Amino acid sequence: MVPTKKTPTPAPGRPSSRPPSLEEPTEPRGPLPPKPDQEGAQPRTPTGAEPSPERRTTAQQGEFLTTSQGARLRDTDHSLKAGRRGPVLLQDHHLREKITHFDHERIPERVVHARGAAAHGVFEGYGTAESVCRAGFLAKGKRTEVFTRFSTVVGSRGSMDTARDTRGFATKFYTDEGTFDLVANNIPVFFIQDGIKFPDVVHAAKPHPDREIPQAQSAHDTFWDFVSLHTEAQHHTLWFMGDRGIPRSFRMMEGFGIHTFRLSNAEGETSLVKFHWKPTLGVHSLTWEEAQLLGGADPDFHRRDLSDAIEAGAHPSWELGIQVFPDNEEQSFEGIDLLDPTKFVPEELAPVQPIGRLTLNRNPSNYFAETEQVAFNPGHLVPGIDVTDDPLLQVRLFSYVDTQLTRLGGPNFAQLPINRAHAPVNDMLRDGYGQQADPAGVAPYRPNSLDGGCPFLAGERDGALEDLPVRVPEGVKERELSATFEDHFSQARLFWRSMTPVEKDHIVDAYSFELGKCYENTIRERQLQCLANIDEELCTRVAAALGMPAPGPTVPADDGSDGGVATSAPLSQLRGSWPTDGRMIGIVVDPEGDNSGLLDLHEAVVAASMTPVVIAPRGGEVAGVPVGRTFGTAASVEFDALLLAGTPLTAPDSRPSVDPKAGAPGSGDVEPRVGKLIDECWRHAKAIGAWGEGRAALEARTAPGGAGIVVGEDGQTVLGEIQSLLESHRVWERFPAGT
């Protein structure tokens, strides 16, 4: 027996699974197999299942919530904090994974606040904040350039402006001490208390992932499923079910910083504050029907309104104010937890103190370069302004920067022209995608001697940004919130009880519509229970509209988190009178009638800082005044008031079978599209005026002497009374209050 020749074990490091041939291989053959020690990763689907042609292997696996690595999670509602009232910890790997993935879900459109409009302007400080804040831009007479972006939250860039939604109100202050971003909303409270829940609420509000509908709406099952289960969202939901969910204009929108900030003055004394923007034109909203009509007639209504007003010289303005609270250890005021972003402090308890004025006076020259590329961050602070341990704000400090990395292509988004600081920058940051600077020197580190030691650290007298030495309460690392966050209904109840009867009607109608669009009856039942915990009347009226029984409350009616205030007047939009700058006045004319005073009327409207729009059967001019809309293009929702200078007869192009605006034949020979304008303005409680030949059209469509109807001898007289009515936004008496 011939012994088998043994071959030595090859030394490790062979580059291939087979020895190579001396000559170059010429016969085609498949890839060589891996070496015995190279089995590679076991094949798995993206969700951890073994591969299979069945679709279920690529869907979610298992019954438990896990990390992306399959570790089961015991909590996804609370970020990890240094004690229940302490700051959020960077070590929270689940929070960072969840938020980072959410931040990068959309490219390049913003995940939220995608649809926006913006303008440049100036902020002038009053000097009244000196006792609480040393920030230089708040000094008396100090003028600071700003850029403000308004936006909807849920819809895509292609959605409509007038959807029922929360609005963003973000302002970038290009101060001498660095850039300060006040990232606000038009509602003072938020859906969630902890930023770890932000992906959840947005996923719930966004279109359903299977059909990508409905767009820019909350009237669907996933939204109401979430907010009815996660009841801390009920307060915010009630606000945008009210009229503030459909503002008339960005120019007539309040803004709220939502979070509590910590300010310090020149002596180092600290105070807690909440920021408020108060519009000079007052707070005003669309009716639900107007919002729907505008969604079809002019989806760009809000952005057009903003840019047109600025172009016309009716520069919108807001006062910036602060509510000031003692910086006490509890960080609460009158029983209201100041770190809870689902709570606000009624102005009756802490008045808003004006500290400066914002005026927007220039439109962007390029939407993408400015409005789309602007990058806000609540962590962009200046000396004198610091953050607090609000668990939503703490997460936003991470999330905003992380979002820009993908959306704007890398870490140098601050160098885009719209984001560039107006203060000297020496940050030692180098290279990276989008680097536009040309840094000099050889030593981008500290300490150094090769660059002469530059840059140096700023001392106390150099205006350095400081992290205020706030004592962090001793505690245990845990995923919990303070017990003071547990009340989800008392402030929602305060908001409801502060509404006028008309506003309550609108809220009931909004809930009835939104819940009526839900498919699952269980979700309606659950949300009705939430409404019962807010207010019995609200629940009963919505339940009646849905044809469902009204449940009783399951929580006490008075739990003290409203600061003991029964009602709060500033929560209602119906009180007070306001400037009429920038209002749109429609003027219906008959080209064949007497238009001798039309030019003078047109100029009187302009002189009153309003915008006249002549409406005629066809384009061109009437009495030397350009026609702004024809009967075929005019929409009542564009106008704040309607003036009838004539009663035009049915025009040749009035074809009801073709043009829906023409409608059915009107009363007598009055042009039916003019009749439609009158009817809708009446229904939407807008002021209507007529004189001369215009009286016939008015009398054919409305009751004589009704609220908000002005009849006079000439246009100038009528205009004066109409302007007085416009100071209240609408003729509110025309809305019958429900019960």
Side-chain angles (χ1 to χ4, degrees), residues 82 86-93 95-96 99-100 103 133-138 144-145 172-183 261-268 270 373-389 393-472:
V88 173
L89 298 176
L90 186 61
Q91 85 172 62
D92 190 346
H93 53 88
L95 164 69
R96 288 187 287 112
I99 291 294
T100 297
D103 290 340
C133 187
R134 64 187 180 95
F137 77 99
L138 297 175
T144 301
E145 290 190 44
K172 186 177 290 291
F173 298 79
Y174 303 98
T175 86
D176 298 339
E177 300 174 296
T179 300
F180 170 54
D181 288 347
L182 181 53
V183 190
F261 292 81
R262 179 173 278 106
L263 304 188
S264 61
N265 61 18
E267 287 71 42
T270 62
Q373 291 196 129
V374 66
F376 295 98
N377 179 6
H380 291 166
L381 303 166
V382 292
I385 304 177
D386 199 4
V387 298
T388 58
D389 293 339
L393 176 57
Q394 292 270 312
V395 177
R396 291 178 75 194
L397 296 174
F398 166 80
S399 180
Y400 275 70
V401 175
D402 185 52
T403 298
Q404 314 303 346
L405 296 178
T406 292
R407 195 177 70 81
L408 296 176
N412 291 305
F413 56 84
Q415 296 181 14
L416 293 168
I418 192 62
N419 296 321
R420 291 175 184 170
H422 292 201
V425 175
N426 192 344
D427 54 19
M428 293 199 303
L429 304 178
R430 291 293 187 268
D431 308 335
Y433 285 111
Q435 177 61 250
Q436 301 175 53
D438 187 10
V442 297
Y445 52 84
R446 284 199 81 260
N448 76 74
S449 62
L450 293 177
D451 279 348
C454 184
F456 298 91
L457 297 178
E460 184 177 346
R461 297 182 179 180
D462 301 314
L465 181 66
E466 63 176 326
D467 299 301
L468 297 175
V470 178
R471 182 179 296 279
V472 177

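Quantities reported herein were computed from a predicted structural model and do not represent experimental measurements. All residue numbers refer to positions in the sequence shown, counting from 1.
Within the model, atoms CZ of Phe456 and CG of Asn426 stand 10.5 Å from one another, a figure rounded to the nearest 0.5 Å. From Thr270, atom OG1 reaches atom CZ of Arg262 across 6.0 Å, with rounding to the nearest 0.5 Å. To the nearest 0.5 Å, the span separating CG on Asp92 from CD on Gln394 amounts to 12.0 Å. Taken to the nearest 0.5 Å, the CG atom of Leu465 stands 7.5 Å off from the CG atom of Asp386.
Identified under the salt bridge (charged side-chain N to carboxylate O under 4.0 Å, His left out) test for residues 172-182, with sequence neighbours left out: Lys142-Asp176, Lys172-Asp181.
Closest heavy-atom contact between Val382 and Ala135: CG2-CB, 4.1 Å. Ala375 approaches Phe413 most closely through the heavy-atom pair CB-CD1, 3.9 Å. Considering every non-hydrogen atom in both Val401 and Asn377, the closest pair reads CG2-ND2, 3.1 Å.
When side chains are defined from C-beta on, Phe137 counts as touching Ile385, because their heavy atoms get closer than 4.5 Å. The closest side-chain heavy-atom distance from Phe173 to Thr179 is not below 4.5 Å. At a threshold of 4.5 Å between non-hydrogen side-chain atoms, the residues Asn419 and Gln404 do not count as touching. No side-chain heavy atom of Pro411 sits under 4.5 Å from any side-chain heavy atom of Leu429. For the pair Leu381/Val387, a side-chain contact is recorded, criterion being any heavy-atom separation below 4.5 Å from C-beta on.
With sequence neighbours left out, Tyr400 forms a ring-ring contact (aromatic ring centres under 6.0 Å, His included) with no residue at all. Scanning for side chain to side chain contact (heavy atoms under 4.5 Å, CB included) contacts around Ala443 gives Tyr445, Asn448, Leu450, Asp451, with sequence neighbours left out. Under the side chain to side chain contact (heavy atoms under 4.5 Å, CB included) criterion, Ala423 pairs with no residue, sequence neighbours left out. Take Tyr174 and apply the ring-ring contact (aromatic ring centres under 6.0 Å, His included) test, not counting sequence neighbours, and it matches His422. Residues satisfying the side chain to side chain contact (heavy atoms under 4.5 Å, CB included) test with Arg134, not counting sequence neighbours, are Ser264, Pro383, Glu466.
Remark: of the listed residues Leu397, Val470, Val472, Val472 is the sole one forming a side-chain contact (heavy atoms from CB on, under 4.5 Å) with Pro87.
At distances below 3.5 Å, at least one donor-acceptor pair connects side-chain atoms of Thr175 with backbone N or O atoms of Gly178. Here the side chain of Asp402 pairs no donor or acceptor atom with the backbone of Ser399 at under 3.5 angstrom. A side-chain donor-acceptor contact under 3.5 Å links Gln415 to the backbone of Gln436.
Annotation: Asp462, atom CG; neighbour count of heavy atoms from other residues, nucleotides and ligands within 6.0 Å is above 12.
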